[in-house]
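Chain letters run A, B, ... following the sequence lines, proteins first, then strands; residues in each count from 1. We use all heavy atoms of the structure for the numbers below, so side chains are in, but hydrogens, waters and symmetry mates are not.
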2 protein chains.
Amino acid sequence: MKLTSKGRYAVMALVDLARFDNINPVSLRDISLRQGISLDYLEQIFSKLKKDQIVKSIRGTHGGYVLSKKPNEIKLTNIFHAVDEKVKTVQCKKESKKGCNGKSTKCVTHNLWDELENHINTFFEKKSLEDLLKNNIERRT
Amino acid sequence: MKLTSKGRYAVMALVDLARFDNINPVSLRDISLRQGISLDYLEQIFSKLKKDQIVKSIRGTHGGYVLSKKPNEIKLTNIFHAVDEKVKTVQCKKESKKGCNGKSTKCVTHNLWDELENHINTFFEKKSLEDLLKNNIERRT
DNA sequence: ACATACCTGACTAAAATGGTCAAGTATAGT
DNA sequence: ACTATACTTGACCATTTTAGTCAGGTATGT
């Protein structure tokens, strides 16, 4: 299972982006300063987000990034998928056609991980950027 | 979030144990052979399982391990907890009282991880060894 | 006594993580 | 045209975690 800082940063940055993306694009430098995330690292993350068309980039002075869709259309699943945070639990070796751990049958836990994966994905499919945004605005009033 | 092979091995080993633990204790050597897990690694894992009283050990010839409770009383939560597989997602630095990422407020994703954690724990609290056992027996008939 | 099997702790190679660094390219504003 | 801003790309790296191995025990049934 992979769910690390990269995914967290991606979500934080996108919430930030969603909040300030009104008229002008938002520069990574601003996000970096506001969220306390290294600029260089943000660039890596945003290049992936762009590849998955979650954000659009605008170059040049006063350039920056803009969301490609509305906040309620961006689910957390999409974000994690973009930055390679696979909600994929321990792999039973799948290269070998044989089964898990070189045995001829599936290991007893094989189905378990599939179920867990579904369970987690359900959670992330329901949550959108907008949900987080709301939650955050409420808390700051 | 940590959910690695150690946890998977622990579950596999315990299911194996539950299946063969009828009259005699089961030796790690047998589990190692049946499940294809290194004996030395199993010993590490079982020392933790023992510390959390999920299994009992019997020394000497024909010794081995035995479950401390009935399979339906052993939830996966207990197992993962024992082997230090914390279903704990990305940490926002908690040492600093200030908040996440050195900012004075909680980061926007802070609550999200708590929710996720609960969501996953719910899953593991419902699943017991017995469930896996049943599932496995069904499949092999 | 001796084989079996648990017990303990130190060690380690390889991979993943969380970045940094360097050298660009594109564009807006002057 | 120049220049500052900001995106773009790819290589690099220190640290930590993972998934074990290794070496030496200790306890106990036969």
Set out, line by line, the N/O atom pairs under 3.5 Å between protein and nucleotides 25-30 of chain C.
residue: C:dT25; atom: O2; partner: A:Arg59; partner atom: NH2; Å: 2.6
residue: C:dA26; atom: O4'; partner: A:Arg59; partner atom: NE; Å: 3.2
residue: C:dA26; atom: O4'; partner: A:Arg59; partner atom: NH2; Å: 3.4
residue: C:dA28; atom: N3; partner: A:Thr61; partner atom: OG1; Å: 3.3

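For the pair B:Tyr9 and D:dT18, the criterion of a side-chain N or O lying under 4.0 Å from OP1 or OP2 is not met. For the OP1/OP2 pair of C:dG19 and a distance below 4.0 Å, the side-chain nitrogens and oxygens of A:Ser38 include no atom meeting the criterion. Distances shown here put every side-chain N or O of B:Ser57 at or beyond 4.0 Å from the OP1 or OP2 atom of C:dA5.
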Hey, can you pull the donor-acceptor pairs under 3.5 Å for the side chains in residues 49-61 of chain A, sequence neighbours left out?
residue: A:Lys50; atom: NZ; partner: A:Ser57; partner atom: OG; Å: 3.3
residue: A:Asp52; atom: OD2; partner: A:His81; partner atom: ND1; Å: 3.2

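D:dA6 atom P lies 12 Å from atom CD1 of A:Ile31, rounded to whole Å. Computed from coordinates, the B:Arg29 CZ to C:dA3 C1' distance equals 12 Å when rounded to whole Å. As a whole-Å value, the separation of B:Lys56 NZ from C:dA5 P is 20 Å. What separates CZ of B:Arg8 from P of D:dT18 is a distance of 15 Å, to the nearest Å. With rounding to whole Å, A:Ile37 atom CD1 is found 15 Å from C:dT17 atom C1'.
Residues of residues 39-54 of chain A that place a heavy atom closer than 4.0 Å to DNA chain C, in numerical order, are A:Asp40, A:Tyr41, A:Gln44.
By the side-chain hydrogen bond (donor to acceptor under 3.5 Å, both in side chains) test, B:Glu130 pairs with no residue at all, sequence neighbours left out. Qualifying side-chain contact (heavy atoms from CB on, under 4.5 Å) partners for B:Asn118, counting only residues two or more places apart in sequence or in other chains: none. For B:His62, there are no side-chain contact (heavy atoms from CB on, under 4.5 Å) partners two or more places apart in sequence or in a different chain. Take B:Thr77 and apply the side-chain contact (heavy atoms from CB on, under 4.5 Å) test, not counting sequence neighbours, and it matches B:Phe124, B:Glu125. Applying the side-chain contact (heavy atoms from CB on, under 4.5 Å) rule to B:Lys75 yields the partners B:Asn78, B:Ser128; only residues at least two apart in sequence or on another chain are considered. For B:Asp21, the salt bridge (charged side-chain N to carboxylate O under 4.0 Å, His left out) criterion is met by no residue, not counting sequence neighbours. Looking at residues two or more places apart in sequence or on another chain, you find no salt bridge (charged side-chain N to carboxylate O under 4.0 Å, His left out) involving B:Glu73.
Axis deviation across the helix from C:dA1-D:dT30 to C:dT30-D:dA1 amounts to 10°, comparing end segments of five pairs, rounded to 10 degrees.
For residues 39-49 of chain A, the set of pairs meeting the side chain to side chain donor-acceptor pair (under 3.5 Å) definition, not counting sequence neighbours, comprises A:Lys48-A:Asp84.
Contact annotation for B:Val55: no contact, since no heavy-atom pair falls under 4.0 Å across all strands.
Contact detail for B:Ile37 and B:Ser32: the closest heavy-atom pair is O-OG, 2.8 Å.
Here the side chain of A:Thr109 pairs no donor or acceptor atom with the backbone of B:Arg8 at under 3.5 angstrom.
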